[in-house]
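Residue numbers start from 1 in every chain, and the chains themselves are labelled A, B, ... in the order their sequence lines are given, proteins ahead of strands.
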Number of protein chains: 2
Amino acid sequence: MHNEENNEKKSTMNPCEQLDEETLFMVSQTFKALSDTTRIRILHLLSQRECSVNEIAEELSLLQTTVSHQLRFLKNLRLVKFRRAGTTLYYSQDDQHVMDLLQQAIHHACHD
Amino acid sequence: MHNEENNEKKSTMNPCEQLDEETLFMVSQTFKALSDTTRIRILHLLSQRECSVNEIAEELSLLQTTVSHQLRFLKNLRLVKFRRAGTTLYYSQDDQHVMDLLQQAIHHACHD
DNA sequence: TTAATATATGAGTATATATTCATATTTAAT
DNA sequence: ATTAAATATGAATATATACTCATATATTAA
């Protein structure tokens, strides 16, 4: 039996075994962002290309204000960023790691 | 510029570029499971070891009925399974892929 | 069969969330 | 300065969700 060694090695490789309050909250927030179909569609679109608010609304058949509200949500979590061009704001992804999580889940869902 | 080649390669590697209704729903459900702090704590515990309902409740300082309700949620999504031993039900993880998503998010949150 | 233990279930309540409508803000053009 | 276009914001509403209490079910032992 090598329990102590194993535990030691495991905790070296994965120092997140005990979930502190802060980590727990961050993780839940991240997944909450990915748990709504509207936000998933927006993020999935932004994973393919930069879009203005109106472009997102048209492409996904959503109201502009719905898109704006969700973009604010995603922006607060720093999952998206934007650049301004005149009165138009172009949004794009800003967290490759979270986009990877989304892509993995989509891939998994597609193949089951 | 190799855009066409890149696109072709990307769509070969990732055949899930357009999200159908069913995939979208599955993905949102999966992330919804991971978006609640109570469920995260339960899944995180079950990623380490098999536990009875009461063990989970004690370990996480939750009411038994709260744990039962959340386990039902997770069982419906086939994220956990259980075996019976007398009157005791031992729950364990049942979807390694989703556990990987959780572990990645925890790791990411811990290191930012 | 009765009692004890472990777990599940249903109803009620409180909170969170997504969407919509109305309107405000910002930028650029005339 | 006005106007138009793009986006953001706040309030209201409807729905979803998590938790708790009371109670039901299931398994085992006496």
>> Classify the ring geometry of A/Phe82 against A/Tyr91: parallel below 30°, tilted from 30° to 60°, perpendicular beyond 60°.
In response: tilted
>> Given 3.5 Å as the limit, does a donor-acceptor pair link the side chain of A/His44 with the main chain of B/Glu17, or not?
In response: yes
>> Does C/dT19 have OP1 or OP2 under 4.0 Å away from a side-chain N or O of A/Gln70?
In response: yes
> On the ring face of A/Phe73, is A/Arg39 found with NZ or CZ under 6.0 Å from the centre and within 45° of the axis?
Replying inline: yes
>> Between B/Ile42 and B/Thr38, is the side chain to side chain contact (heavy atoms under 4.5 Å, CB included) condition met? List the steps.
In response: CA-CA 6 Å; B/Ile42 293 174; B/Thr38 299; 4.1 Å; yes
> Starting at the 5' end of DNA chain C and moving along, which residue's nearest nucleotide shows up first, A/Gly86 or A/Leu62?
Replying inline: A/Leu62
>> Return a single string for nucleotides 4-17 of chain D, one symbol per nucleotide in 5' to 3' order, where B is base contact, S is sugar-phosphate-only contact and - is none, cutoff 4.0 angstrom on heavy atoms.
In response: --SBBBB------S
> Residues from residues 19-28 of chain A sitting under 4.0 Å of DNA chain C, heavy atoms only?
Replying inline: none
> In whole angstrom, what separates A/Ile56's CD1 from C/dT19's P?
Replying inline: 14 Å
> Near A/Arg78 CZ, under 6.0 Å, is it more than 12 heavy atoms from other residues, nucleotides or ligands?
Replying inline: no
> salt bridge (charged side-chain N to carboxylate O under 4.0 Å, His left out): which pairs involve residues 58-77 of chain B, sequence neighbours left out?
Replying inline: B/Arg49-B/Glu59
>> Take a 6.0 Å sphere around CD of B/Glu22 and say whether it holds more than 12 heavy atoms from other residues, nucleotides or ligands.
In response: no
>> Just checking B/Glu21: does its CD atom have more than 12 heavy atoms from other residues, nucleotides or ligands closer to it than 6.0 angstrom?
In response: no
